[in-house]
Amino acid sequence: MLFAFSVAPAGLGDDSVGEIVAEAVRVVRESGLPHETTSMFTTIEADTWDEAMAVVKKAVEAVQARAPRVSLVLKADIRPAHNSGQLTAKVERVEQALRGAADG
């Protein structure tokens, strides 16, 4: 299962939130789950719903400890027959399709 989420502090009166968002990313890295962080989202790969939600909850709590308000956006790809390796496999399938289009 893949879970893409963005957690951000709000109500601070400051546009720079990188230091606080880093606390959420630290939680993800310490979880040991396969993950990828981009400019807008962090995606984690987990075997179970509960495993993923525990990490998301801790990430939110890390931001909440430093901000009066927290925004969370969450998107999930729940595909029980494909529990591992999808973090990279999905991207590789797109890359293969692009290479095939370039050859044609």
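This one's a predicted model, so the numbers in the text were calculated from it and none came from an experiment.
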Roughly how far, to the nearest 0.5 Å, is the CG atom of Asp77 from the CG atom of Leu87? 11.0 Å
Same cluster (ILVMFWY, side-chain, under 4.5 Å), Met53 and Val70: yes
Give me each pair satisfying side-chain hydrogen bond (donor to acceptor under 3.5 Å, both in side chains) with a member in residues 54-69, each pair once, sequence neighbours excluded. Glu19-Arg66
Restricting to non-hydrogen atoms, name the atom on Leu2 and the atom on Gln86 that form the minimum distance, rounded to 0.1 Å. CD1-O, 3.8 Å
When rounded to the nearest 0.5 angstrom, what is the spacing between OG1 in Thr42 and CD1 in Ile44? 9.0 Å
Closest heavy-atom pair, Ala24 versus Val63, reported as atoms and distance to 0.1 Å, is CB-CG2, 3.8 Å
Just how far is it from atom OG1 of Thr88 to atom CD of Glu36, taken to the nearest 0.5 Å? 9.5 Å
Are any of the side-chain heavy atoms of Phe5 and Val28 separated by less than 4.5 Å? yes
Among the clusters formed by ILVMFWY side chains lying less than 4.5 Å apart, do Leu72 and Trp49 turn up in the same one? yes
Heavy atoms of Ala4 and Thr43 approach each other most closely as CB-OG1, 3.6 Å
I'd like to know if Val55 and Val60 are part of one continuous hydrophobic network [Ile/Leu/Val/Met/Phe/Trp/Tyr, side-chain heavy atoms within less than 4.5 Å]. yes
So, taking the atom named CE in Met1 and the one named CD in Glu45, what distance separates them when rounded to the nearest 0.5 Å? 10.5 Å
Using the rule that two of Ile, Leu, Val, Met, Phe, Trp, Tyr join whenever any of their side-chain heavy atoms come within less than 4.5 Å, decide whether Val25 and Val27 are in one cluster. no
Side-chain contact, heavy-atom cut-off 4.5 Å: Arg29 with Arg26? no
Which atom pair, heavy atoms only, marks the closest approach of Leu12 to Pro68? CD2-CD, 3.5 Å
How close do Pro9 and Val21 get, heavy atom to heavy atom, and via which atoms? CD-CG2, 4.0 Å
Within one Ile-Leu-Val-Met-Phe-Trp-Tyr cluster: Val94 and Phe41, side-chain cutoff 4.5 Å: no
